[in-house]
Amino acid sequence: MVDKVSSSILDLTEGACGICHRILEEISNQGMRAESRECFEGVDAWLVDASGETVGVGRDITWAPAILRAEIDAGILPEDIAFELEDILTDKTDLRRVARMSGYGRVVTSAGLIISLIWENGGYVEVKRDGIGVRAIFYDENGDEISNSVTGFCPVCAINISAGRVPSIRRRIAEKLKGSKNTGQIKYERDILNVIRWKNRRIYTDLIEDGEIIGRNWGCCIAYSTVRAEIAAGLGSKKWNRIFKHYCDQCPLKHCWIGKAMGALGNKVLHRMKNVNVKEIVRMEDYITVDIMDNEKRVGYGIGTLCSLSASVNALMRSDAIKILKPTPAEGFPYKERKRKEG
């Protein structure tokens, strides 16, 4: 039996990603761990307690939402928050649609192709916070919505889900990726296990094959940590690994690390942007790139690798934060009223 965490330790403005990582921190401190394996429809994950017993299982598009499902299945989260989170995780139909494009827990390459396809045809992709999750919206060259807005765990997952619901886009992406074998499929065929824990204010991932650790590394979230462990194991393309390392080299946040997952910080930025009516438009260059738009004026931009939440944080660090987040007057500040002198 796993004890529920108190809602007082969860900050809903950090979104589903932030909550997932906060729960992982809590259970890791209790001697538990998360384990996962890639499968055709995405990733299977489970939580293992200190005695080696599985206490919760889940499947979703990639590692973090699958782990969040396992956390919900284990009964760790307060019921009202668990109910809200379940509503934004990926259903079986969408899992199959996304898997037909890429599969095996990989969403970045397909998202890049999707974004490029929309832009090549004169449209654009918008990402914004929606409740506890994230919404991705595709627009055509006339500014009309191409697909229904889809709420997902993270922007890149939402982009894949939204594309999967449009048969013409889904077929185009599947054709572009036909015959390629991604790292997730290689790990599936080799039966490689991911073991994930929160430790020392970071996420640590071990890759285990035939009982041996073949790759180990850490990162600012589950995805970054796992990809870095894959690089340590000699997996992934050399080009992508160089791009990934270059991004980490230039990230200034690591020098003042605050012990929060990158997605938690990105969600806070998106949450505030929604409140002040600033939009985030996503495009693809070497990196996932976001333009922060105030009406028709670009007031900032940022880059990310595995998700646009990291690009949101990057935009905040490289741009004028006042233009992006538009601070409101301080509330609750202890001003003391002075009495007017009479006579």
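Small disclaimer: the values here were computed from a predicted structure and weren't measured.
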Do the numbers put R202 on top of the ring of W218, so that NZ or CZ is under 6.0 Å from the six-membered ring centre and no more than 45° off the axis? yes
Is it true that a side-chain atom of W119 and a backbone atom of V282 form a donor plus acceptor pair closer than 3.5 Å? yes
Any chance you could lay out the salt bridge (charged side-chain N to carboxylate O under 4.0 Å, His left out) test for R33 and D49, step after step, and finish with the verdict? CA-CA 7 Å; R33 65 185 183 274; D49 67 15; over 6 Å; no
Shortest non-hydrogen separation from I76 to L47 and the atoms involved: CD1-CD1, 3.7 Å
Using ring centroids (six-membered ring only for Trp), state whether F40 and Y188 fall under 6.0 Å. no
Flag yes if more than 12 heavy atoms outside Q30 fall under 6.0 Å of its CD atom; otherwise flag no. yes
Residues passing the side chain to side chain donor-acceptor pair (under 3.5 Å) test with R59, sequence neighbours excluded, are E41, D44
Salt bridge flag under 4.0 Å for residues K279 and D294: no
Side chains of Y224 and T305 only: does a donor on one sit below 3.5 Å from an acceptor on the other? yes
Within a strict 4.5 Å, meaning less than it, do heavy atoms of the M284 and T289 side chains meet? no
Can the positive tip of R318 be found less than 6.0 Å from the middle of the six-membered ring of Y301, inside 45° of the ring normal? yes
I'd like to know if the side chain of N267 reaches the main chain of G263, judged simply by a donor and an acceptor atom lying under 3.5 Å from each other, with no hydrogens or angles considered. yes
Short question: side chain of R129, backbone of G133 - any donor-acceptor pair under 3.5 Å? yes
Would you check if there is a donor-acceptor pair between the side chains of R197 and S28 at a distance under 3.5 Å? no
Can you tell if the side chain of I61 reaches within under 4.5 Å of the side chain of L95, non-hydrogen atoms only? yes
Please check if the side chain of Y247 supplies one atom and the backbone of L306 the other of a donor-acceptor pair under 3.5 Å. no
Mind checking the CD1-CD1 spacing from I196 to I203? Nearest 0.5 Å is all I need. 8.0 Å
Within one Ile-Leu-Val-Met-Phe-Trp-Tyr cluster: W240 and Y104, side-chain cutoff 4.5 Å: no
Same apolar cluster: V107 and I243, side chain cutoff 4.5 Å: yes
Linking I/L/V/M/F/W/Y whenever their side-chain heavy atoms sit closer than 4.5 Å, directly or via other members, would I115 and L117 fall into one cluster? yes
Transitive ILVMFWY cluster of L235 at side-chain heavy atoms under 4.5 Å: who else is in it? I186, I192, L207, I214
Using a distance-only test with no angle check, is there a side-chain donor-acceptor pair under 3.5 angstrom linking R228 and N217? yes
Residue pair V134 / F153, side-chain heavy-atom distance below 4.5 Å: no
Residues T62 and G105: closest non-hydrogen pair is OG1-O, 3.0 Å
M101 and N160: CA distance, side-chain angles, deciding distance, side chain to side chain contact (heavy atoms under 4.5 Å, CB included) verdict: CA-CA 9 Å; M101 293 186 292; N160 276 271; 4.0 Å; yes
Backbone of G112 reached by a side-chain donor or acceptor of S116 within 3.5 Å: yes
If you draw a 6.0 Å radius around CG in N277, do more than 12 non-hydrogen atoms from other residues or ligands fall strictly inside? no
Short N-O contact, R22 and E25, less than 4.0 angstrom: yes
Does anything in residues 179-196 pair up under salt bridge (Lys or Arg N to Asp or Glu O under 4.0 Å), and if so which pairs, sequence neighbours excluded? R37-D191, E38-K187, K181-E189, K187-E230, R190-E209
Do the side chains of R165 and R97 get nearer than 4.5 Å, heavy atoms only? yes
Is it the case that more than 12 heavy atoms not belonging to Y139 sit under 6.0 Å from its OH atom? yes
Calculate, to the nearest 0.5 Å, the distance between atoms CD1 and OG belonging to I137 and S147 respectively. 8.5 Å
Are more than 12 heavy atoms, taken from residues, nucleotides or ligands other than K176, located less than 6.0 Å from that residue's NZ atom? no
The side chain to side chain donor-acceptor pair (under 3.5 Å) partners of R216 (sequence neighbours excluded) come to D206
Measuring from L24:CG to L68:CG, what's the distance to the nearest 0.5 Å? 10.5 Å
Rounded to the nearest 0.5 Å, how far apart are CD1 of I173 and CG of L113? 5.0 Å
Quick check against the 3.5 Å criterion: does N121 have a side-chain atom that pairs as donor or acceptor with the backbone of G123? no
Are H21 and I222 packed together at the side-chain level, in the sense that at least one heavy-atom pair is separated by less than 4.5 angstrom? yes
Using the rule that Ile, Leu, Val, Met, Phe, Trp and Tyr join whenever any side-chain heavy atoms are under 4.5 Å apart, tell me whether W63 and I208 fall into a single cluster. no
Distance-only, no hydrogens or angles: does the S308 side chain make a donor-acceptor pair with backbone N or O of A311 under 3.5 Å? no
Can you get from I27 to L193 by hopping between Ile, Leu, Val, Met, Phe, Trp and Tyr side chains that sit under 4.5 Å apart? no
Drop me the distance from L316's CG to L265's CG, to the nearest 0.5 angstrom. 9.5 Å
Is the closest side-chain heavy-atom distance between L177 and S110 below 4.5 Å? yes
Decide yes or no for L309 and P155: does some side-chain heavy atom of the first lie under 4.5 Å from some side-chain heavy atom of the second? yes
Which pair of non-hydrogen atoms, one from N314 and one from I303, has the smallest distance, and what is that distance? OD1-N, 2.9 Å
Residues C307 and V156: closest non-hydrogen pair is CA-CG2, 3.6 Å
Would you check if the side chain of N182 reaches a backbone N or O of G103 as a donor-acceptor pair within less than 3.5 Å? yes
Under 3.5 Å donor-acceptor, S6 side chain and S8 backbone: yes
Please report the shortest heavy-atom distance between A70 and A45, naming the atom on each side. CB-O, 4.0 Å
Flag if over 12 foreign heavy atoms under 6.0 Å of CZ, R172: no
With a 4.0 Å cut-off on N to O distance, would you call K274 and D130 a salt bridge? no
Could you pull out all residues at least two apart from K4 that satisfy side chain to side chain donor-acceptor pair (under 3.5 Å)? none
Can you find a pair of side-chain heavy atoms, one from L77 and one from L85, that are under 4.5 Å apart? yes
Given 3.5 Å as the limit, does a donor-acceptor pair link the side chain of D144 with the main chain of D140, or not? no
Is a donor from one side chain sitting under 3.5 angstrom from an acceptor on the other, for T205 and N194? no
Approximate separation, where rounding is to 0.5 Å, of R96 CZ and D91 CG: 8.5 Å
Take E126 and R135 through the salt bridge (charged side-chain N to carboxylate O under 4.0 Å, His left out) test and state the conclusion after the steps. CA-CA 8 Å; E126 179 185 357; R135 189 174 291 269; over 6 Å; no
Only pairs at least two apart or in different chains count here, so list each side chain to side chain donor-acceptor pair (under 3.5 Å) that has a residue in residues 64-88. D60-R69
Mind listing the closest non-hydrogen atom pair of Y287 and H246 along with its distance? OH-CD2, 2.9 Å
